[in-house]
Amino acid sequence: MTSDTRPDEDGAVAPAGRQRPPGHRVALRGDLRAALPDAGAAVVVTVLVFALLWARMESGESDTVAVMPFMDDPGTYWMYLLSQAFGWSALLWAWGTVMLGLLLSGPRPARLPVSRPVLERWHRTTSLTTMALMFAHALMFAAELVRYETKVDWAERLWVAFADTFVPGWYDSGTGQVAIPIGQGALYLAIPLGLLFYVRHRIGANTWRRLHRFVIVVYVLSVWHTLLYGTNVWYGEWPRTVLWLLQLPVAVLLLLRLLRPARRAERLGTLGGGAARPGWWLRAAGRVAAGAVVVGLVVVAVSGRDGGRDRPTHPPATSPHAQETD
């Protein structure tokens, strides 16, 4: 018996006999307009997160202040708080767009709340919003560094802030030496991988599809950056555990997508000979790795051993980094 579905040019599965109109392309301009409501919702969420962080800092309950006691004045460090708020919104939107992507590329659910084209549009618009939020997160971090570097002139302050924020390996203080390059890697991969969709007619659908798989790497780097550098989840307490738990549905959907891909060419099948063997072993290793991640996340959730630090009795008197001087 033959299947009643077949993959279209972007790897989605469409009913047999139903084709996209000749020359049909999804334009970036149209998706940018469609993303406006989504971006508006992201701004509202960012404002709410910013207000929560401000209130916690004013009340003395902020984990950021527990890590860096000098940051006990939200009126002074509001740009840092806004950077944090954009970062949390970016991670939330990244989680949503990855979940949509896995839902679309994996086994088809029996029922969907909306049509597949709507889900595809949501996937694209949330991806665009995520990129904007990631850039805003980095930009506000740079703005805080400009404010902080008071011992040098404006040109030097702008350069130091730009280099610390956007040049890999430049930031040289504490955990940021590792965490910031990881975040930069996520940002610098997210933008081209997200925008390649709109030029896939030039690079070819197969090339785009292979490159698009690395979007999961962007998400992993984003979560890793947060776990390392997010002072709100710095300690081994419930916020960090919740962040770990949120990765479980992503890992489960990824495993299902690998075990039951929508495209027939991506199915594991039986081990063949010759040139087919490396590809078979690579796909098999991916499924084993995804299964191990699911098991690892369950172990982390059950055991509570999530890599968080112990809250110190006497908070350290640390500063972001030594100010530049002439």
Side-chain angles (χ1 to χ4, degrees), residues 1-16 94-110 112 116 119-120 123 127 182 185-186 188-190 192-194 196-197 200 203-227 243-303 305-307:
M1 183 175 67
T2 59
S3 172
D4 62 348
T5 61
R6 58 176 176 76
D8 66 10
E9 66 165 338
D10 63 353
V13 176
W95 184 88
T97 196
V98 166
M99 290 287 286
L100 286 170
L102 291 172
L103 185 65
L104 287 164
S105 60
R108 299 178 65 184
L112 289 173
R116 185 180 184 88
L119 286 180
E120 290 176 349
H123 178 48
S127 175
I182 290 173
Y188 296 152
L189 281 174
L193 290 177
L196 276 176
F197 174 83
R200 60 183 180 153
I203 64 175
N206 287 333
T207 299
W208 169 78
R209 195 178 298 117
R210 293 189 185 98
L211 292 173
H212 192 67
R213 292 169 183 165
F214 288 96
V215 167
I216 194 67
V217 176
V218 174
Y219 182 70
V220 170
L221 291 175
S222 300
V223 175
W224 191 7
H225 168 75
T226 304
L227 289 169
L243 179 60
W244 276 105
L245 284 173
L246 283 173
Q247 311 320 312
L248 189 56
V250 176
V252 169
L253 276 184
L254 176 61
L255 180 59
L256 290 175
R257 186 253 181 267
L258 292 174
L259 292 175
R260 297 170 56 196
R263 300 185 70 249
R264 186 179 293 106
E266 296 177 3
R267 295 170 189 170
L268 191 59
T270 57
L271 178 61
R277 288 188 175 181
W280 189 93
W281 283 110
L282 186 61
R283 291 193 293 272
R287 287 155 173 78
V288 171
V293 169
V294 172
V295 173
L297 288 171
V298 172
V299 170
V300 166
V302 172
S303 67
R305 304 179 69 87
D306 54 15

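Please read all numbers here as calculations on a predicted model, not as lab measurements.
- What you find for V218 and A186 is that their closest heavy atoms are CG1-O, 3.5 Å.
- In this structure, the separation between CD1 on I182 and OG1 on T226 is 10.5 Å, given to the nearest 0.5 Å.
- Of the inter-residue distances, the one linking M99 atom CE with L104 atom CG reads 11.5 Å to the nearest 0.5 angstrom.
- Distance check, rounded to the nearest 0.5 Å: NE2 of H123 to OG1 of T97 gives 4.5 Å.
- Rounded to the nearest 0.5 Å, atoms NE2 (H212) and OG1 (T207) are 14.0 Å apart.
- Residues V300 and R305 have side chains not in contact (no heavy-atom distance under 4.5 Å, counting atoms from C-beta outward).
- Contact record, A251 with L297: CB-CD1, 3.7 Å, taken as the closest heavy-atom pair.
- The two residues L102 and V250 come nearest to each other via the heavy atoms CD1-O, 3.6 Å.
- The nearest pair of heavy atoms linking L245 to A301 is CD2-CB, 3.2 Å.
- Side chains of S222 and W95 form no contact here, defined as non-hydrogen atoms less than 4.5 Å apart.
- Rounded to the nearest 0.5 angstrom, R260 CZ and L255 CG are separated by 11.5 Å.
- For S127, there are no side chain to side chain donor-acceptor pair (under 3.5 Å) partners, not counting sequence neighbours.
- Closest approach of L193 to L211, counting heavy atoms only: CD2-O, 3.3 Å.
- At a threshold of 4.5 Å between non-hydrogen side-chain atoms, the residues Q247 and Y219 count as touching.
- One finds the CZ atom of R257 at 10.5 Å from the CD1 atom of I216 (value rounded to the nearest 0.5 Å).
- With V223 as the fixed residue, the side chain to side chain contact (heavy atoms under 4.5 Å, CB included) test singles out one of L227, V220, L221: L227.
- Proximity of a side-chain donor or acceptor of W208 to a complementary backbone N or O of I203 within less than 3.5 Å is not detected.
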